[in-house]
Each structure stands twice: as C-alpha cells, then as structure tokens.
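For reference, the structure is listed below as structure tokens.
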Amino acid sequence: SRRGGKNGKPSFDTVVSNLESIINDSSLDNLHLAIRCNIDSRNIARVPELISFLSSMNWQKRVELYFVPVHSWGNQTNTDIRLSIEEFAGQEILWFEQMIGAGFTPSLLPGKKAGVCRVVSSDKVVVGHNGEIHRCTESPLTKNFWEYDLKSMTRKEVVGLNQSQFDKLGQVGELPLFDKKNTWPWVEAVERGQYPCSECEFLPCCGGACPLAWMNGDMPCPSYKFNLKQRLELFPRINEPSNNQIQRIGFKQKYSPLGL
C-alpha cells in the first residue's frame with residue numbers, strides 16, 4: 001500500500017486484517033465492501049498481482065473491486081505518473097478478464113448519472129475539515145481554489161452563498177440556503193457546444209465527468225468510452241451478474257444476460 005499510517009509505516013497488512021475481520025463476522029454480512037485501487041505508472045504492472053491476492057483470500061463474492069486512473073488534484077498535476085485514458089482502458093479489459101476468471105463480478109456497464117457534481121448543484125456542498133463550506137471536493141485542501149476558484153469567482157461566490165447566508169455559517173443550527181445564480185452554469189455551457197460533451201453519446205452516463213477538469217484543459221472522459229465494446233463482449237462470461245448490472249442496460253431481473 002502506498003497510503004501510510006500516521007506512524008509512516010505501510011498500511012496494506014492492516015487494511016487486509018481489518019477487512020478479514022469484517023468478512024468473517026456474520027453479523028456484518030449485509031455490509032457492502034469495496035476496494036478501490038488508484039492506478040498510475042508506478043503500480044499498473046502489479047494490478048494482476050493484487051487481483052490474484054484478493055482471489056486467494058476468497059473474497060470474490062464479498063468484495064467489490066474496481067480501478068480508477070490517477071488524475072490531477074488541486075495543485076498537483078501528476079503529469080509524470082498519469083496514464084492516458086486510452087492506455088488505462090486497454091489494461092482495464094485485461095483486469096476484467098482476470099477478475100471474471102477468478103470469480104469476481106466487475107461492474108462492466110455504466111448507468112445513468114442524475115447529476116455531475118456539487119459545483120453544478122444548488123443543494124449540495126462539501127464540508128471542509130474546519131467546518132468551511134465548499135462546492136468542489138478539491139477546494140478544501142487547495143488554498144488557491146479559495147482565492148481563484150471556478151471562473152475566478154471569489155470564495156464566497158464559489159460556495160454559492162449570498163452575503164447574508166455566508167455570515168450565518170458560524171451560527172449553530174443555521175442551515176444556509178443556496179443561491180442558484182452562483183453555481184457554475186455547466187449544463188448551459190454544454191448546450192452551447194463549449195465542450196465536446198454536447199456531441200458525445202455517453203453524456204447521459206457521465207454528465208461531463210468533471211467541469212473543473214475541462215476548464216483546466218484536461219479530458220476527464222471515463223474509460224468505458226474507449227472500451228465499451230470489449231466490456232459488452234465480457235458481460236455474458238459473468239456467471240451471476242448482479243441485479244444492478246442487469247438493470248443498468250434496461251433489462252428486468254427475469255431476463256438472462258445471454259440475451260445480449
């Protein structure tokens with residue numbers, strides 16, 4: 001594990017031990033467990049090893065395993081370790097094949113996305129570690145966002161509050177209302193054709209992914225845009241696809257995935 005503990009030591013064995021305790025506790029059988037692995041050039045070669053290890057633990061039916069490419073975050077561009085989305089998508093298919101062969105049920109098919117993110121919403125916020133209210137999840141730990149956040153708005157505009165509401169944030173029991181005019185007009189920008197999302201057939205599934213990334217010149221398109229055909233070819237190989245997977249493609253539970 002690259003995520004160390006407070007003592008600076010590796011945390012992989014600790015995480016595995018905790019997961020094993022949870023999985024062996026029958027009273028927690030209804031608890032959903034997911035393992036997310038962030039992928040970049042430093043660990044991409046070891047993904048098959050991780051899949052094999054988790055398979056050896058016999059966690060296939062208990063744990064959801066998925067992979068996400070590392071992207072820019074805050075002040076860190078990560079350009080030296082980031083993978084192209086095309087490279088990630090190509091490797092992802094190989095991981096899916098290994099996972100299915102080992103008995104995992106990877107999530108192959110995208111579903112509809114009701115909203116893009118909190119920046120676009122008028123009723124969702126991110127609460128920082130000091131109790132401060134933000135719109136973007138990258139904002140709390142990235143100081144320059146406070147001063148020069150989306151479209152060079154002021155910090156008060158970024159959080160979407162008018163002056164009166166902003167002043168009430170420190171008052172216990174006050175739940176501020178949100179001023180819609182201060183949310184970033186992402187939907188309108190897409191409708192105007194300002195971003196290529198307006199012509200993409202996957203727009204209903206990802207919603208544009210990340211408005212901030214597009215604004216910064218990055219392409220945050222999901223991997224399924226580049227490997228959906230291969231995903232569909234893998235789908236019938238899953239012995240017991242979850243109801244969620246079947247519903248994502250508009251089928252009722254009584255239909256077999258082999259009907260694809």
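Numbers for residues simply follow the sequence, beginning at 1.
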Would you call K225 and E201 a salt bridge, using N to O less than 4.0 angstrom? no
Would you mind telling me which of E92, E87, E86 makes a side-chain contact (heavy atoms from CB on, under 4.5 Å) with F226? E86
For H71, is there any backbone N or O sitting under 3.5 Å from a side-chain donor or acceptor partner on R82? no
Does some side-chain heavy atom of P110 sit less than 4.5 Å from a side-chain heavy atom of C206? no
Looking at every heavy atom in both I81 and V70, which two are closest together, and how far apart are they? CD1-CG1, 4.4 Å
Between S107 and R231, is there a side-chain donor-acceptor contact under 3.5 Å, judged purely by atom types and distance? no
Check step by step if side chain to side chain contact (heavy atoms under 4.5 Å, CB included) holds for V63 and I23. CA-CA 9 Å; V63 172; I23 291 172; 3.8 Å; yes
S52-Q98 side chain donor-acceptor pair, cut-off 3.5 Å: yes
Report the relative orientation of the aromatic rings in W95 and F88; use parallel for angles under 30°, tilted for 30 to 60°, perpendicular for over 60°. perpendicular
Please check if the side chain of S198 supplies one atom and the backbone of Q194 the other of a donor-acceptor pair under 3.5 Å. no
Looking only at atom types and distance, does a side-chain atom of W214 sit under 3.5 Å from a main-chain N or O of Y195, one as donor and one as acceptor? no
Taking the side chain as everything from C-beta on, heavy atoms only, tell me whether I39 gets closer than 4.5 Å to P69. no
How long is the straight-line distance from CZ of F202 back to SG of C221, given to the nearest 0.5 Å? 10.0 Å
Check whether the side chains of Q60 and S55 place a donor and an acceptor atom closer than 3.5 Å, and report yes or no. yes
Point-to-point distance, once rounded to the nearest 0.5 Å, from OG of S27 to CD1 of I22: 10.5 Å
Any side-chain heavy-atom pair of W186 and C117 under 4.5 Å: no
NZ/NE/NH1/NH2 to OD/OE distance under 4.0 Å, E233 and K229: yes
Is the side chain of N18 donor-acceptor paired with the backbone N or O of D13 at a distance under 3.5 Å, no angle test? no
With a 4.5 Å limit on heavy-atom distance, are the side chains of L65 and P106 in contact? no
Step by step, work out the side chain to side chain contact (heavy atoms under 4.5 Å, CB included) result for L19 and M57. CA-CA 11 Å; L19 283 172; M57 299 293 290; over 6 Å; no
How many angstroms lie between CD in E49 and CG in L54, if you round to the nearest 0.5 Å? 10.5 Å
For the CG atom of L94 and the CD1 atom of I51, what is their distance to the nearest 0.5 Å? 9.5 Å
Kindly give the heavy-atom pair with the smallest separation between S41 and D80, and that separation in Å. OG-O, 4.1 Å
Is the count of non-hydrogen atoms from other residues, nucleotides or ligands lying under 6.0 Å from R62 atom CZ greater than 12? yes
Indicate, with yes or no, if the rings of Y66 and F96 have centres closer together than 6.0 Å. no
Counting the benzene-type ring for Trp, do W59 and F104 have ring centres under 6.0 Å apart? no
Main-chain N/O of F53 paired to S56 side chain as donor or acceptor, under 3.5 Å: yes
Test item: N227 side-chain N/O and A89 main-chain N/O as donor-acceptor pair under 3.5 Å: yes
Co-membership, hydrophobic cluster, residues M99 and L232, 4.5 Å side-chain: yes
V68 side chain reached by R36 side chain, heavy atoms, under 4.5 Å: yes
Any donor-acceptor pair under 3.5 Å linking the side chain of D218 with the backbone of P220? no
Please check if M219 and L228 belong to a single hydrophobic cluster, counting links between Ile, Leu, Val, Met, Phe, Trp and Tyr side chain heavy atoms closer than 4.5 Å. yes
Which is it for C37 and L50 under the side chain to side chain contact (heavy atoms under 4.5 Å, CB included) test, yes or no, and what are the steps along the way? CA-CA 9 Å; C37 184; L50 175 63; 4.1 Å; yes
Any heavy-atom pair between the side chains of L108 and I238 that's under 4.5 Å? yes
Going by heavy atoms in the side chains, are Q91 and I44 under 4.5 Å from each other? yes
